Amino acid sequence: MASKSNPNILSIHGKGLKLNTRADIEPYLKDVDPTIIEEVHFGGNTIGVDASEALAEFLAKATSIKVADFADIFTGRLISEIPQALTAICDALVDKTSLVEINLSDNAFGGRSVEPMVAFLTNNRSFQILRLNNNGLGPAGGEVIAKALHESAKLSKAEGKKSNLKVVICGRNRLENGSASAWADAFAEHGTLEEVRMVQNGIRMEGITHLARGLAKNPNIQYIDLQDNTFTVDGELTGVEAWTDALSSWPLLGTLNLSDCVLSADGEVPTLIEKLATGSNPKLHTLQIQNNNLETASFAVLSNAISQGLASLMHLELQWNEVEEDDEHLENLALGLKQRGGKLFASDEEDSDEQELKAEEEEEQAEKEEEAREADEEAKETVKQPEISTKPKDETDNLVDLLRKMDILQ
């Protein structure tokens, strides 16, 4: 159903509905004009084949759609149902030149259910944001997706057009080394990426090296999150060295998250840390390098660079490294960041405090938004009541009342 506050948004997000048939989904579509809809949010419900086909017919008429949110829509569905339902939805969106964002996260596609996305990913070259997080793609499924994106970029170039793809979020998908080369080729072919998040994918040093090569062809990158992958193996530093070389390709980089990536072998200062300290990324605002076997020598490099090569840094996370509470370099880092309004996170307690504060702020904001929404609804629903006079009765009114009581006046 369309939002009361914004008729351009169709949302049943998070209602936990089980929509099996056309009849099930029809009530949420029947009074909505698809030609004015700009966003659809169906996440947090489960949609069957028949309902998906009805939804696809609606989407086919949505000529102004910008955001298509279909995260978590297949919970409890048979593996045989998902390809049919996904095909209907993707085929309905393939020609939408207005589309900016597609979200298919938290759907258990696995490698067997990715084919329905291929035509869409290859032929819709308008969307800018791709969200495919926690889909269980595996190396084979990841390779299929990456090759579709690669082909899309080639088709754009053949038409003399620049790619529109800017954001790729594909974490928790077990991509591993097997698909890393294909992803690197896709990234290099597009060359337009601004944000890439590929966390917890089991990508090891060989694959990490490929990704550095591909991402280095994207000079506009501002946000990279590769946490919980592996940059070194058995003391070999090929992955770290590849990323060290790539850093200078990203002059606009503002956030770099390489936590839990095994950046250091035996506590040595990673070349990547040394490169960052030289100011290779002058706009770097947030650096997250938790749990990477870093020791005081690395902290010293960062401390010495805090006012020069890291002059824009405001948020530095170093938890779960070889941290001593009285490390003078950490004290200097904390002081340098504090003086500019930033913060160093070097202990578990600080991380917990920050998370709690953030959660409180988000809860407070949500409450304010809910209060504002309720106030808006009340204002719309309130009917103005006629004014009731509170003027005191005069002597004539009192006389009339007395006569009525005596049944003289009727």
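Only a predicted model underlies this, so the values are computations on that prediction, with no experimental measurement involved.
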Item to check | Trace of the side chain to side chain contact (heavy atoms under 4.5 Å, CB included) decision for Ile145 with Phe109 | outcome: CA-CA 12 Å; Ile145 298 297; Phe109 297 145; over 6 Å; no

Checklist entry - Nearest heavy-atom pair of Asn45 and Leu17: which atoms, and what distance? => result OD1-N, 2.8 Å

Next on the checklist: I need the Asn103 CG to Ile129 CD1 distance, nearest 0.5 Å.
Outcome noted: 10.0 Å

Checklist entry - Are Ser126 and Thr97 close enough that some pair of their side-chain heavy atoms sits under 4.5 Å apart? => result yes

Checklist entry - With the threshold set at 4.0 Å, does a side-chain nitrogen-carboxylate oxygen contact exist between Glu189 and Lys217? => result no

Checklist entry - Taking side chain as C-beta onward, heavy atoms only, is Trp183 less than 4.5 Å from Ile203? => result no

Item to check | Ring center gap for Phe345 and His315 short of 6.0 angstrom | outcome: yes

Checklist entry - Are the side chains of Leu276 and Leu256 in touch, meaning some heavy atoms are under 4.5 Å apart? => result yes

Next on the checklist: Let's go through Val240 and Thr244 carefully: what are the C-alpha distance in whole Å and the side-chain angles of both, what is the deciding distance for side chain to side chain contact (heavy atoms under 4.5 Å, CB included) to 0.1 Å, and is it a yes or a no?
Outcome noted: CA-CA 6 Å; Val240 172; Thr244 301; 4.0 Å; yes

Item to check | Step-by-step side-chain hydrogen bond (donor to acceptor under 3.5 Å, both in side chains) determination, His329 to Glu331 | outcome: CA-CA 5 Å; His329 304 303; Glu331 293 178 2; over 6 Å; no

Item to check | Under 3.5 Å donor-acceptor, Ser298 side chain and Leu294 backbone | outcome: no

Checklist outcome for this item: d(Leu344 CG, Asn332 CG) to nearest 0.5 Å is 11.0 Å

Item to check | Ion pair check, Glu195 and Arg197, cut-off under 4.0 Å | outcome: yes

Checklist entry - Does CZ in Arg340 sit with more than 12 non-hydrogen atoms of other residues, nucleotides or ligands closer than 6.0 Å? => result yes

Item to check | Under 3.5 Å side-chain donor-acceptor pair for Asn173 and Asn201 | outcome: no

Next on the checklist: Under a 3.5 Å threshold, yes or no: a donor from one side chain and an acceptor from the other, between Arg125 and Ser156?
Outcome noted: yes

Item to check | Heavy-atom pair of closest approach, residues Ile89 and Ser52 | outcome: CD1-OG, 4.2 Å

Item to check | Polar side-chain atom of Ser113 near backbone of Gly110 as donor-acceptor pair, under 3.5 Å | outcome: no

Item to check | Short side-chain to backbone donor-acceptor contact, Ser105 and Asn133, under 3.5 Å | outcome: yes

Item to check | Sidechain-backbone polar pair: Asn124 side chain, Lys96 backbone, donor-acceptor under 3.5 Å | outcome: yes

Checklist outcome for this item: Rounding to 0.5 Å, atoms CG (Leu316) and OG (Ser303) come to a distance of 10.5 Å

Checklist entry - Given side chains that start at C-beta, do those of Thr232 and Leu263 come closer than 4.5 Å, heavy atoms only? => result no

Checklist entry - Under the side chain to side chain contact (heavy atoms under 4.5 Å, CB included) criterion, do Asn293 and Val262 qualify, and how do the steps go? => result CA-CA 7 Å; Asn293 302 324; Val262 197; 4.2 Å; yes

Next on the checklist: Could you measure the distance from the CG atom of Asn220 to the CH2 atom of Trp250? Nearest 0.5 Å is fine.
Outcome noted: 13.0 Å

Item to check | Residue pair Thr278 / Glu274, side-chain heavy-atom distance below 4.5 Å | outcome: no

Checklist entry - Shortest non-hydrogen contact from Gly202 to Asn229? => result N-OD1, 3.3 Å

Checklist entry - Phe127 pairs by side-chain contact (heavy atoms from CB on, under 4.5 Å) with which of Val167, Val67, Asn164, Leu165? => result Leu165

Checklist entry - How close do Leu132 and Met117 get, heavy atom to heavy atom, and via which atoms? => result CD2-SD, 4.0 Å

Checklist entry - Looking at side-chain heavy atoms only, is the closest gap between Leu313 and Ile306 below 4.5 Å? => result yes

Next on the checklist: Tell me whether the count of non-hydrogen atoms from other residues, nucleotides or ligands lying under 6.0 Å of CD in Glu324 goes above 12.
Outcome noted: no

Checklist entry - Asp185 and Lys154: salt bridge (Lys or Arg N to Asp or Glu O under 4.0 Å), yes or no, with the steps? => result CA-CA 11 Å; Asp185 290 341; Lys154 289 173 64 177; over 6 Å; no

Next on the checklist: Taking Glu101 first and then Lys66, would you say they form a salt bridge - that is, a charged N and a carboxylate O separated by under 4.0 Å?
Outcome noted: no

Checklist entry - Are the side chain of Ser259 and the backbone N or O of Gln290 linked by a donor-acceptor pair below 3.5 Å? => result yes

Checklist outcome for this item: Rounded to the nearest 0.5 angstrom, the NE2-CE distance for His285 and Met314 is 5.0 Å

Checklist entry - Is it the case that more than 12 heavy atoms not belonging to Arg204 sit under 6.0 Å from its CZ atom? => result no

Checklist entry - Is the closest basic N to carboxylate O distance between Asp228 and Arg172 below 4.0 Å? => result no

Item to check | Lys/Arg-Asp/Glu bridge criterion (N-O < 4.0 Å) met for Lys147, Glu151 | outcome: no

Next on the checklist: Could you measure the distance from the CG atom of Leu253 to the CG atom of Leu247? Nearest 0.5 Å is fine.
Outcome noted: 7.5 Å

Checklist entry - Would a 4.5 Å heavy-atom cut-off, applied to side chains only, mark Leu258 and Gln288 as touching? => result no

Checklist entry - Among side-chain atoms of Thr46 and Arg77, is any donor-acceptor pair under 3.5 angstrom? => result yes

Checklist entry - So, Gln308 side chain and Asn304 main chain: donor-acceptor pair closer than 3.5 Å or not? => result no

Checklist entry - Looking only at atom types and distance, does a side-chain atom of His41 sit under 3.5 Å from a main-chain N or O of Gly14, one as donor and one as acceptor? => result no

Item to check | Flag, side chain of Asn134 to backbone of Gly136, donor-acceptor distance under 3.5 Å | outcome: no

Next on the checklist: Evaluate Leu104 against Arg131 for side chain to side chain contact (heavy atoms under 4.5 Å, CB included), listing each step before the verdict.
Outcome noted: CA-CA 6 Å; Leu104 290 166; Arg131 299 182 187 274; over 6 Å; no

Item to check | Shortest non-hydrogen contact from Ala119 toward Val94 | outcome: O-CG2, 3.7 Å

Next on the checklist: Tell me the closest heavy-atom pair linking Ala146 and Ala186, and the distance in Å.
Outcome noted: O-CB, 3.4 Å

Item to check | Stepwise side-chain hydrogen bond (donor to acceptor under 3.5 Å, both in side chains) check, Asn107 with Asn135 | outcome: CA-CA 5 Å; Asn107 289 305; Asn135 298 110; 5.9 Å; no

Checklist entry - Given side chains that start at C-beta, do those of Asn292 and Trp320 come closer than 4.5 Å, heavy atoms only? => result no

Checklist entry - Passes side-chain hydrogen bond (donor to acceptor under 3.5 Å, both in side chains), Thr296 versus Asp327? Steps please. => result CA-CA 7 Å; Thr296 189; Asp327 190 305; 2.8 Å; yes

Checklist entry - Would you find a donor on one side and an acceptor on the other, under 3.5 Å apart, between the side chain of Ser152 and the backbone of Ala148? => result no

Item to check | Option passing side-chain contact (heavy atoms from CB on, under 4.5 Å) with Ile65 (candidates Leu10, Thr35, Val40) | outcome: Val40

Item to check | Check ion pair Arg22-Glu57 (N to O, under 4.0 angstrom) | outcome: yes

